[in-house]
Amino acid sequence: MKPQKTDSFYDKIYAAVQQIPPGCVATYGQIAALAGNGGAARAVGNALHKNPLPGVIPCHRVVNAKGRLAPHFAFGGTGRQRSLLEAEGVEVRGEYVDLGRFQWRSQ
DNA sequence: GCTATGACCTAAT
DNA sequence: AATTAGGCCATAG
């Protein structure tokens with residue numbers, strides 16, 4: 001049997017994003033993998049775009065495979081994100097983040 | 001079940 | 001560097 005206590009994949013995605021520790025960032029593919037579907041990066045992006053739980057989901061910790069922030073953000077823009085990430089200790093270069101140093105990984 | 005959408009990924013032009 | 005094209009997946013109507 002499967003310990004499935006959620007209904008939609010989106011719900012897992014939101015949970016995965018909330019699991020991201022401060023000072024770290026995760027890629028869409030990583031969130032998709034945590035949600036149980038590696039490769040569903042697109043679904044992850046859609047889930048966050050809908051952002052049903054603003055203020056609860058730290059979307060600013062989610063970046064794409066290149067460590068780049070989204071072109072648009074439900075928070076007000078990438079500039080807004082840059083401030084939040086830097087505030088947590090993440091070095092942001094324009095719209096890019098150093099994945100080799102701040103990408104969230106199992107410790 | 002099909003169509004349309006999307007904050008993705010990669011390659012090609 | 002920017003745009004286009006194809007591929008991948010899930011959701012909503």
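Each chain gets a letter, A, B and so on, in the order the sequences are listed, and its residues count up from 1.
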Mind calculating the distance between [atom1] ([X]) and [atom2] ([N]) to the nearest angstrom?
X     : N      : atom1 : atom2 : result
A/K50 : C/dG13 : NZ    : P     : 8 Å
A/Y14 : B/dA7  : OH    : C1'   : 12 Å
A/I31 : C/dA10 : CD1   : P     : 16 Å
A/N46 : B/dT5  : CG    : P     : 12 Å
A/R61 : B/dA7  : CZ    : P     : 22 Å
A/Y28 : C/dA10 : OH    : P     : 17 Å

5' priority, DNA chain B, between A/K66 and A/A70 [closest heavy atom]: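 The residue whose closest nucleotide sits nearer the 5' end is A/A70.
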Hey, which of these two, A/V44 or A/V63, hits DNA chain B nearer its 5' end, going by closest nucleotide?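 On the 5' side of the pair lies A/V44.
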Measuring only between side-chain heavy atoms, which start at C-beta, is A/V62 closer than 4.5 Å to A/I20?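 Yes, side chains in contact.
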Residues that A/N64 engages under side-chain contact (heavy atoms from CB on, under 4.5 Å), provided they are two or more places apart: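 Result, side-chain contact (heavy atoms from CB on, under 4.5 Å) vs A/N64: A/Y28, A/K66, A/R68.
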Contact under 4.0 Å: A/N64 side-chain N or O vs B/dA7 OP1/OP2: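 For B/dA7, OP1/OP2 do not have a side-chain N/O of A/N64 under 4.0 Å.
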Using only atom types and a distance under 3.5 Å, with no angle test, would you say the side chain of A/Q19 pairs donor to acceptor with the backbone of A/A15?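 It does hold such a pair.
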